[in-house]
Amino acid sequence: MNIEVHNKAPMRRYYKWTYITICLFVMPLMVLGLIWFPVVAKYYIPGQSVSRGMVDKARAFPSKSVAQKIERFRLGAPKLASNNAEILKSAESYLSGIINIYGFNKIPIKRPFDEDLVHYTLANWALSYCGFLIPRLLIRAYDISRDEKYLVAARDFISSWAAYEETLWLPTSFVWNDHAISSRANVLSDFWVRYKDHDIFDRNNGRIILELVKHTAALLAKPKLYTYKTNHGTMQNIALLKLVQYFPTLPDIQRYHDVAVKRSNSQLLYYLNAEGMIAEHSSEYHKFGVGLVGATISMYRMMHIKVPSWMINRYKNSLDILERLMRPDHSLPAVGDTAVDSAHKEIQKPPELAGKGIPNSGEENNDSIVLLKSGYAIWWDKVANTIEGDASYQTVINWANYPYMGHKHADELGVNLWANGSNWLTGIGYWPYTRKDRKEAISWGGSNAPHYLNEKYGSERTSLVSSYVNNRDVSFIELIRHGENGFQVVRQIIYIPVGTWVIIDSYRDDKNRDVETVWTMGSEINIRKQGPGNLFLMSSNKSKEDMFLHISSSNNSMKIEDLKAEHTPLAGWNASGKTISPAHALITRQMSKTEWSLLTVTKPSEKRVSRFISHISEWENNNSWQVKIGDHLSVRRNGNEILVTKHDKIISQKVLMPKEKIQIDLENKQAYWLVRNEYGMPFRILMKYRIRSSYLVFVLIILSALGLLLCFSWNAKYFISMGNLIIVGWISVAIWINYSYLI
């Protein structure tokens with residue numbers, strides 16, 4: 001009996017300490033590992049050592065001729081001022097310990113590298129800093145002045161960055177952001193060209209820089225870090241190709257050649273669609289993407305890589321679309337994330353790609369185009385030798401929605417009206433990512449797309465073209481958007497030269513709810529109500545030109561509110577990145593059971609107000625109606641025919657009925673899914689959530705310890721039951737964190 005008791009005591013102690021170890025150490029470590037190991041594994045790159053012999057071999061590349069050809073492409077590297085004096089001034093300011101560059105002013109900085117600025121509060125600064133804005137500035141200053149102090153400062157910054165990055169296990173700020181890595185690769189390459197043959201070259205520093213190059217290339221090539229959904233993936237591929245060109249003797253670097261080519265060929269099949277549109281829902285990102293595609297083709301040719309014929313054809317089309325989007329003042333229509341009224345540099349066409357890319361398709365107006373698969377219509381009316389000089393009128397309509405691509409605003413059926421330097425109707429523009437109200441800005445209130453009140457940004461919807469006309473005498477398009485819970489809106493847009501637009505919205509709905517449209521104007525536009533009714537005179541600060549805008553509805557119950565610089569609701573703003581300007585916005589509201597609403601914008605040939613009051617004189621349905629504007633102009637739809645009567649002259653046009661009605665190109669979607677299946681869903685770091693989960697683990701350790709302590713002196717079976725309960729709890733927490741919280 002005594003022996004039995006003597007044997008049980010150690011056994012109980014064994015069980016207790018086993019459960020204590022499992023519950024307070026093993027299980028918490030397992031959960032912490034599940035939280036943090038995927039992040040470490042995503043960014044972990046094995047050692048990238050470089051020998052002295054490798055340094056000597058690397059100095060032979062690239063040749064100056066190759067470098068000169070490639071460096072004409074910015075390739076996602078940070079922007080700099082174009083003025084040489086300003087660049088030198090900014091470089092000198094940096095050497096004196098103050099940042100004064102491209103909108104970032106009076107930021108103190110420690111040399112050679114300031115780790116604190118990696119975590120600076122301005123996100124756009126952190127991205128630029130981690131993308132090697134400082135070395136890029138110093139390289140440009142060296143190119144301008146040939147003063148080696150700038151090259152020395154760039155070398156010291158890069159070497160110090162390499163030492164800093166080597167200490168990291170987890171991503172912080174924008175250090176391992178895909179855009180920042182691509183930018184660093186480009187700046188590293190540009191620095192190497194200047195440094196490798198200079199008198200200040202040092203083998204030890206050369207080795208450090210080449211090890212950073214190898215690490216950067218490995219990050220760019222890693223499948224889990226490939227951002228195939230956006231232009232960031234395109235930048236990653238181009239940066240890899242540039243590293244292969246500049247550092248061909250480094251181990252493993254040639255393997256990245258095949259990685260970059262394979263990824264580029266598969267990504268561009270959906271990033272650049274068959275019509276030539278960059279599928280990122282933005283005029284500005286179309287321009288940026290065209291530059292990236294052109295750089296890819298040029299890199300292919302320099303490296304003697306076969307350029308697929310489809311890539312050339314689509315690139316030609318993309319250049320043609322860009323020409324149609326770009327206005328004479330070099331601004332772009334504010335579709336998606338596009339700066340309102342911001343001037344852009346033209347992209348130079350390579351000589352071998354000169355000429356129009358998109359076929360006419362039998363349309364009579366060669367200046368205008370309807371891109372059925374892309375979800376855009378671009379109409380031009382260019383009038384020469386008017387009293388005021390040459391005049392230009394541009395209409396851009398969008399209904400694109402590629403759910404797998406970026407920079408999307410809730411703006412299907414939105415319209416941008418531009419004439420002679422002024423945005424008469426526009427979208428809200430490129431609202432800063434750093435602002436808390438961005439989500440509201442890119443939702444329906446940021447465009448003049450018709451929607452029901454409080455419709456969510458991500459509502460389920462499909463938009464299509466029902467019919468259109470593209471002719472010099474009249475342009476017409478009919479768009480239909482099917483939404484949730486039986487909501488449907490039909491928008492018909494007509495342009496009649498010179499300077500008259502007619503927009504008709506009609507609704508069908510299973511519910512009778514409020515519908516809304518926010519008609520935002522450019523910040524240069526002033527409006528003044530004219531007499532009774534809803535007639536407004538719009539005048540521009542940029543020109544002497546005026547426009548009349550008139551709004552009406554089928555039962556005259558529409559409510560109209562003129563807002564400017566409002567935050568609740570967010571309305572009456574133009575955004576160009578960091579610059580946000582007040583603007584007028586007319587918000588119209590009516591019930592969705594209302595049959596129709598009408599908006600007309602007309603260039604006045606005289607000041608007689610009555611000539612610009614519009615109304616729908618006949619309405620049977622969407623295919624049978626008549627609009628009259630004053631006593632001199634009428635537009636009638638009779639089935640598949642549009643008739644315009646202008647000063648007793650009748651113009652008749654048959655509408656075209658497209659065979660493919662859904663705007664998303666099926667081939668694009670299939671190409672995207674092939675890439676997604678290969679690389680998987682993009683990994684979400686969710687750093688804040690992982691930190692919170694870790695705090696939860698430590699709280700649960702304390703609670704587990706208290707639970708075991710309460711049972712410690714009790715009967716062993718209670719202690720074991722408590723231990724089993726805690727283990728089940730840890731397993732449940734692990735499942736919840738990884739399959740619910742961190743997704």
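Note that the coordinates shown come from a computational prediction; the quantities given were computed from them, not determined experimentally.
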Counting only heavy atoms from other residues, nucleotides and ligands, does the tally under 6.0 Å from [atom1] of [X] exceed 12?
X    : atom1 : value
K439 : NZ    : no
K628 : NZ    : no
K559 : NZ    : no
K542 : NZ    : yes

Side-chain donor-acceptor pair present, [X], [Y], cut-off under 3.5 Å:
X    : Y    : answer
S540 : S422 : yes
R327 : N423 : yes
D562 : H584 : yes
D381 : Y495 : yes
S374 : E275 : yes

Is the backbone of [Y] close enough, under 3.5 Å, to the side chain of [X] for a donor and an acceptor to pair up by distance?
X    : Y    : result
Q394 : L417 : no
H330 : E346 : no
N398 : A400 : no
R491 : L413 : yes
S318 : Y315 : yes
N186 : S182 : yes
T338 : S283 : yes
K229 : G233 : no
N231 : T234 : no
N273 : M277 : yes

Please report the closest heavy-atom contact between [X] and [Y], naming both atoms and the distance.
X    : Y    : answer
S447 : A410 : OG-O, 3.3 Å
S552 : S614 : OG-O, 3.9 Å
S523 : N541 : O-ND2, 4.4 Å
L425 : M521 : CD2-CG, 4.3 Å
A339 : S342 : CB-CB, 3.6 Å
W625 : V635 : CZ3-O, 3.6 Å

Inset, instruction - Could you walk me through whether E484 and K456 pass the salt bridge (charged side-chain N to carboxylate O under 4.0 Å, His left out) test, one step at a time? - result: CA-CA 10 Å; E484 297 176 330; K456 293 180 180 178; over 6 Å; no

Salt bridge check: are [X] and [Y] linked by an N-O gap of less than 4.0 Å?
X    : Y    : result
D514 : R589 : no
D437 : R435 : yes
E478 : R637 : yes

Do the non-hydrogen side-chain atoms of [X] and [Y] ever get within less than 4.5 Å of each other?
X    : Y    : result
T227 : T230 : yes
L479 : I397 : yes
F476 : Q492 : yes
W399 : I480 : no
N84  : R140 : yes
I551 : I560 : yes
I428 : T520 : no
F288 : E280 : no

Inset, instruction - Only one of W501, W380, W418 passes side-chain hydrogen bond (donor to acceptor under 3.5 Å, both in side chains) with T395; say which it is. - result: W501

Inset, instruction - Could you walk me through whether S459 and W444 pass the side-chain contact (heavy atoms from CB on, under 4.5 Å) test, one step at a time? - result: CA-CA 10 Å; S459 62; W444 295 101; 4.1 Å; yes

From [X] [atom1] over to [Y] [atom2], what is the distance, rounded to the nearest 0.5 angstrom?
X    : Y    : atom1 : atom2 : value
L453 : Q590 : CG    : CD    : 12.5 Å
E545 : M538 : CD    : CE    : 10.0 Å
S539 : W424 : OG    : CH2   : 7.0 Å
S592 : D509 : OG    : CG    : 3.5 Å
N448 : T517 : CG    : OG1   : 7.5 Å
N574 : T579 : CG    : OG1   : 11.0 Å

Centroid-centroid under 6.0 Å between [X] and [Y] rings:
X    : Y    : result
H281 : Y402 : yes
H119 : W125 : no
H632 : H647 : yes
H179 : H232 : yes

Inset, instruction - Show your reasoning for whether side-chain contact (heavy atoms from CB on, under 4.5 Å) applies to W379 and I493. - result: CA-CA 11 Å; W379 298 339; I493 305 157; 3.9 Å; yes

Report the residue from [options] that forms a side chain to side chain contact (heavy atoms under 4.5 Å, CB included) with [X].
X    : options                : value
T500 : V601, I494, T600, L633 : L633
V396 : L332, V335, T426       : V335
F487 : R461, R481, H451, H482 : R481

Legend entry - Aromatic ring pairing W573/W431, orientation class (parallel under 30°, perpendicular over 60°, tilted between): perpendicular

Legend entry - Audit row: Y393, K382, side chain to side chain donor-acceptor pair (under 3.5 Å) steps and yes/no: CA-CA 6 Å; Y393 301 84; K382 299 176 181 178; over 6 Å; no

Inset, instruction - Using salt bridge (Lys or Arg N to Asp or Glu O under 4.0 Å) as the criterion, point out the one residue from K287, K408, R438 that pairs with D337. - result: R438

Inset, instruction - Show your working on side-chain contact (heavy atoms from CB on, under 4.5 Å) between Y507 and Q488 and close with a plain yes or no. - result: CA-CA 6 Å; Y507 304 91; Q488 176 184 291; over 6 Å; no

